[in-house]
Amino acid sequence: MSSVVFEKPGRVQLAVLPPLALYVHIPWCVRKCPYCDFNSHERNGALPEQAYVQRLVSDIESLLPSVWGRRIASVFIGGGTPSLFSPDSIDALLSAVRARLVLEPGAEITLEANPGTVEAGRFRGFREAGVNRISVGVQSFDRAMLARLGRIHSAAEARRAIDAALASFDNVNLDLMYGLPGQTPDMARADIAQGIACGVPHLSAYQLTIEPNTVFWRERPALPEHDRCADMQVSAEEALAAAGYEHYETSAFAKPGMRCRHNLNYWEFGDYLGIGAGAHGKVSFPDRVTRHERIKQPRDYLEKNTLAGEKTVAPSELPFEFMLNALRLVEGFEVKLFGERAGLPLSTIEAGLEKAEAKGLLERNWRRIRPTPRGQRFLNELLELFLPDRP
Ligand code: SF4
């Protein structure tokens with residue numbers, strides 16, 4: 001059912017609209033991983049690729065009036081496992097995107113791929129379709145860890161997938177996780193070392209968290225203690241820095257010039273259209289910031305009106321939403337970005353900034369506001385200082 005909630009626009013004023021990106025969600029996987037709380041569903045037979053691409057195209061068309069004249073800076077095809085779609089379907093999708101939206105020259109176009117679903121020919125097909133960045137979900141190179149995580153691939157298959165991706169793309173990200181059940185700091189270090197040895201220009205290292213509505217939530221596997229996980233994070237940061245990767249966001253590391261532009265746009269509170277089952281989007285106007293959301297269940301998404309909800313974000317929520325993203329950036333953000341993207345004066349967050357400085361969680365000068373190393377480590381404590389007052 002479609003629900004539309006309108007809030008008073010309040011005092012929000014955006015002099016310039018932010019950059020605009022496009023997120024495309026493909027919601028199927030070969031098997032559901034026990035830790036995964038994404039909108040991903042086990043594939044059951046052949047995927048309805050054509051029908052789904054048609055739905056995606058009608059999503060774009062429904063959004064066109066809200067972004068008239070704006071250009072798309074990046075596209076991210078995520079999931080789920082988008083590499084389950086054929087290169088022909090990705091080609092049809094990207095051609096339809098180009099026919100309806102203006103992409104900036106050299107726009108970054110990422111596709112997520114999982115080992116076990118891709119080989120060299122498929123990567124070449126994705127490149128020919130216009131994809132120019134691949135993100136490979138590996139999570140670990142340790143056989144026992146891969147089995148514990150319910151992954152469908154071996155470490156050798158993961159390495160082959162990365163090599164095949166690097167043969168067709170300069171820009172490849174590798175996702176790893178740490179803090180896994182039964183993982184020791186040495187095992188986590190070995191995973192990072194193997195990730196570095198693959199020669200990818202971008203690496204993401206996420207700490208496993210147990211989320212509601214997952215198998216792990218019900219099973220509660222024993223995870224390494226908090227201090228051990230913190231040690232794993234520190235040793236990953238050290239190893240990656242020594243190998244020439246810049247740590248630019250809580251979990252993201254890149255060789256110079258290889259930061260993910262699409263994700264940077266989220267963290268800088270830019271705009272993005274969300275299309276596909278369960279996708280979220282954010283679109284700004286001169287006097288308000290809006291969010292939209294699509295129906296989650298792939299079957300419902302394919303059969304019904306796909307908009308699940310649309311609302312104007314209450315001005316009181318915007319400071320926290322901005323900080324939730326921007327404080328993930330190791331270098332923080334330029335002072336003027338808050339006014340540009342949240343459309344509110346900096347005085348709205350002054351009390352929070354002062355408290356955060358007093359606690360040693362944040363530092364600032366006339367130009368930038370950034371989390372201190374302590375603020376990065378205790379990010380939730382820092383963010384709580386910017387929560388809106390609830391009645
Ligand atoms: S492959 Fe990725 S999206 Fe799919 S179930 Fe596993 S973690 Fe979730």
Side-chain angles (χ1 to χ4, degrees), residues 23-49 52 56 76-86 89-90 110-119 122-123 126 133-162 164-165 172-181 183 191 195 200 202-219 221 223 251-252 260 262-263 266 274-280 294 296-299 301:
Y23 176 74
V24 184
H25 193 77
I26 311 258
W28 292 282
C29 289
V30 175
R31 198 164 69 201
K32 182 82 180 174
C33 302
Y35 58 89
C36 175
D37 73 332
F38 297 152
N39 186 31
S40 61
H41 304 261
E42 216 157 281
R43 170 177 69 177
N44 188 4
L47 294 178
E49 296 187 28
Y52 196 78
L56 293 172
F76 195 103
I77 307 170
T81 304
S83 52
L84 287 175
F85 267 33
S86 68
S89 296
I90 299 299
T110 305
L111 180 130
E112 284 187 330
N114 274 313
T117 65
V118 270
E119 26 61 45
R122 215 170 170 84
F123 276 128
F126 292 139
R133 182 173 184 272
I134 292 286
S135 176
V136 189
V138 168
Q139 319 314 348
S140 175
F141 292 99
D142 183 287
R143 193 154 50 123
M145 293 297 103
L146 287 170
R148 192 67 190 87
L149 292 174
R151 302 291 296 179
I152 61 162
H153 56 87
S154 65
E157 280 172 317
R159 270 187 222 99
R160 274 201 296 278
I162 297 162
V172 175
N173 167 60
L174 167 58
D175 275 349
L176 288 174
M177 291 200 304
Y178 64 91
L180 307 177
Q183 192 181 41
D191 269 347
V200 288
H202 193 288
L203 205 146
S204 305
Y206 301 99
Q207 182 177 348
L208 173 68
T209 52
I210 305 289
E211 303 295 339
N213 300 317
T214 62
V215 172
F216 274 7
W217 182 265
R218 294 192 292 279
E219 287 179 356
L223 300 182
S251 312
C260 176
H262 185 86
N263 287 342
Y266 293 139
I275 65 170
H280 292 245
R294 314 248 147 222
K296 257 181 123 172
Q297 279 296 330
R299 200 179 312 126
Y301 173 83

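These figures come from a predicted structure and were not determined experimentally. Just follow the structure's listing: the first ligand is 1, and inside any ligand the first atom is 1. Computed over heavy atoms, backbone and side chain alike; hydrogens, waters and symmetry mates excluded. In what follows, residues are counted from 1 in the order of the sequence shown.
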Please tabulate, one pair per line, all N/O donor-acceptor pairs under 3.5 Å involving side-chain atoms of residues 205-212, not counting sequence neighbours.
residue	atom	partner	partner atom	Å
T209	OG1	E211	OE2	2.6

Y35: what forms a side chain to side chain donor-acceptor pair (under 3.5 Å) with it, not counting sequence neighbours? R151
Taking atom types as modelled and ignoring hydrogens, do the side chains of S135 and T110 form a donor-acceptor contact shorter than 3.5 angstrom? no
Among residues at least two apart in sequence or on other chains, which ones pass salt bridge (Lys or Arg N to Asp or Glu O under 4.0 Å) with R294? D59
Compute whether any side-chain donor of one residue and acceptor of the other, for S140 and D191, lie under 3.5 angstrom apart. yes
For atom 3 (S) of ligand 1, what is the closest protein heavy atom, and at what distance to 0.1 Å? G80 N, 3.3 Å
I'd like to verify the contacts: list protein N, O or S atoms under a distance of 2.8 Å from atom 6 (Fe) of ligand 1. C33 SG
Is the shortest side-chain heavy-atom distance between Q139 and D175 below 4.5 Å? yes
